[in-house]
Amino acid sequence: MQSSDALFARALQLIPGGVNSPVRAFRSVGGAPFFVKAARGATLITADDRELIDFVCTWGPAIHGHNHPVIKAAIAAALENGTSFGTPNPYEVEMAELIVKFVPSIQKVRMCNSGTEATMSAIRLARGFTRRDKIIKFAGCYHGHSDSLLIKAGSGALTHGHPDSAGVPAAFARETIVLPYNDTAALAAAFAAHPGQIACVILEAYCGNVGVILPDAGYLAAGRAVTAQHGALLIFDEVMTGFRIAKGGVQEREHIVPDLTCLGKIIGGGLPVGAFGGRADIMDYLAPLGPVYQAGTLSGNPLALAAGIAGLRLLEELNPYARLDALGRQLRDAVLAAARAKGLPTQVPQCGSMFSIFFTATPVRDYTTALTGDAKLFARFFHACLARGVYLAPSAYEAGFLSTAHEGPAIDRACEIMSQAIAEL
Ligand SMILES: *Cc1c(COP(=O)(O)O)cnc(C)c1O
């Protein structure tokens, strides 16, 4: 196997920036990315034969750790019968039953192949259903890379110094109203300013794409009330939080029922899957029943759904959420203790198996306060951790993730390493 550096040199000749998703390029922390040849449990094994304790977890999906034997066996069993049929298949019904059972707002669901497809399709459905064009999103919330949603979209775009992507027509951007998160008054004012024009409000109910930001008490309920009052749909983008914060996502934990919900990441068990679902009367606006078109050659793919179903059944069986929260608190407490010893003002917002580390004295509650985090210091911290064998997301504006595989020696070792890294900053 070639070294990471040799592979990256080849990749740079052939792939823009050498990567197939921008944050992987390490541009905001500096240096060159490592290549991974294998992963198991909480560990990545690089092309250079280094073992790293992984807090990226393939950007969220790997809640059971990498290459879990049960998921691997489910894929192998499905593979015996073929890789894609292009017809309805039994896995689709089983997956729909699981999603409807666990996610409170979902009565009907449509499978697709990524989180981006899920949010893009949910927005089209909301516009078709309400016959309105404008949408509201929040600064720092990332909903995938479709045109209407790639505006003030958090981590990836932010990391590269382009909060708004080139190539999005101004006419599209005009239909997207961007508001500060955790600001109920701004939301009410936007509805007052655009009466009868707003199709939907889409949000990450717990933000994870500008680091972790949790909603103030009452904020989500206020969003539910104002959308209902104005006949707009409330869309929870739970691509990251679905089956991670709880089996039913943030909506289960916060007791808020959105009209539509987007899923991805964990529901694919490490293979490419997305889904969106919600109220049956809205979902029935989709083709072939209704006028809103949405489709996919590989949607409902048997291998991907076999992996996803195995992962969800494992969550049902293990119910690991209290254990995951204990891991999250252990990590948060270790980082905060090391930062306090060093006299370094630090925020570690954490909920269950999601956390992030902001080097700032300012409590982080929206995009503006997230940007007060010291990104240069974060880059040094990132490299100090990596040199010692801990891999955090290579950006100051990403969430970290824990899996059940971090329990035991991995979390203890990682806390020790992160504390040392902070001590030496
Ligand atoms: C990851 C993510 C997406 C996009 O999903 P992809 O599968 O990368 O297209 C959308 N919304 C949220 C909240 C995400 O975290």
Side-chain angles (χ1 to χ4, degrees), residues 19-25 55-63 103 110-124 126 135-159 165 176 178 181 200-215 220 234-245 249-251 258 260-277 294 296 298-299 301 304-305 307-308 311 349 351-356 367 370 393-395 397-401:
V19 293
N20 283 312
S21 197
V23 182
R24 295 180 196 169
F55 289 101
V56 181
C57 288
T58 186
W59 302 90
I63 194 165
V103 184
R110 170 74 50 92
M111 302 308 298
C112 53
N113 303 293
S114 69
T116 294
E117 278 186 50
T119 54
M120 176 185 79
S121 305
I123 294 286
R124 182 182 309 130
I135 65 171
I136 291 177
K137 78 175 284 290
F138 298 92
C141 283
Y142 177 66
H143 305 293
H145 58 89
S146 70
D147 285 345
S148 299
L149 294 168
L150 204 54
I151 299 165
K152 288 270 185 297
S155 62
L158 196 60
T159 295
S165 174
T176 302
V178 181
Y181 189 80
C200 63
V201 172
I202 185 167
L203 79 166
E204 289 183 76
Y206 290 177
C207 302
N209 281 290
V210 61
V212 172
I213 300 178
L214 301 174
L220 296 176
L234 180 64
I235 305 177
F236 272 15
D237 179 353
E238 300 228 43
V239 170
M240 183 183 288
T241 53
F243 292 91
R244 178 164 285 283
I245 291 299
V250 173
Q251 57 196 271
L260 294 174
T261 296
C262 303
L263 297 169
K265 296 192 171 128
I266 286 176
I267 64 163
L271 271 67
V273 177
F276 61 105
Q294 187 276 338
L298 291 174
S299 293
N301 177 264
L305 294 199
C351 182
S353 56
M354 284 170 62
F355 66 92
S356 55
Y367 180 79
S395 162
Y397 311 110
E398 295 286 353
F401 299 104

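Order of listing sets the numbers, starting from 1, for every ligand and every atom in it.
- Counting heavy atoms from C-beta on, the side chains of Phe138 and Val201 come closer than 4.5 Å.
- Checking side-chain atoms of Tyr181 against main-chain N and O of Leu214 turns up no donor-acceptor pair under 3.5 Å.
- Looking at Val239 next to ligand 1, no N or O pair under 3.5 Å apart turns up.
- Of all the heavy atoms of Asn209, the ones lying under 4.0 Å from any atom of ligand 1 belong exclusively to the side chain.
- Shown in contact with Asp237 at under 4.0 Å from a heavy atom are these atoms of ligand 1, numbered in order with element: 10 (C), 11 (N), 12 (C), 13 (C).
- Closest heavy-atom approach to atom 1 (C) of ligand 1 within the set Met120, Glu117, Met240, Lys265: this belongs to Lys265.
- Distances below 4.0 Å separate heavy atoms of Ser114 from the following atoms of ligand 1: 7 (O), 9 (O).
- Close approach to Gly115 involves these atoms of ligand 1, each under 4.0 Å from a residue heavy atom: 4 (C), 5 (O), 6 (P), 7 (O), 9 (O).
- Once rounded to the nearest 0.5 Å, the distance linking CD1 of Ile123 with CD1 of Ile202 reads 4.0 Å.
- Nearest non-hydrogen protein atom to atom 8 (O) of ligand 1 is Thr116 OG1, 4.5 Å.
- The shortest distance between side-chain heavy atoms of Lys265 and Arg244 does not fall below 4.5 Å.
- Polar contact with ligand 1: absent for Thr119 (N/O pair, distance under 3.5 Å).
- Put simply, the side chain of Ser165 never gets that close to the backbone of Leu150: no donor and acceptor are under 3.5 Å apart.
- Atoms of ligand 1 found under 4.0 Å from any heavy atom of Glu204 (numbered from 1 in listed order, with element): 13 (C).
- Gln251 meets the side-chain hydrogen bond (donor to acceptor under 3.5 Å, both in side chains) test with Ser105, Glu238, Thr261; sequence neighbours excluded.
- For Ser148, the side-chain hydrogen bond (donor to acceptor under 3.5 Å, both in side chains) partners two or more places apart in sequence, or in a different chain, are Arg127.
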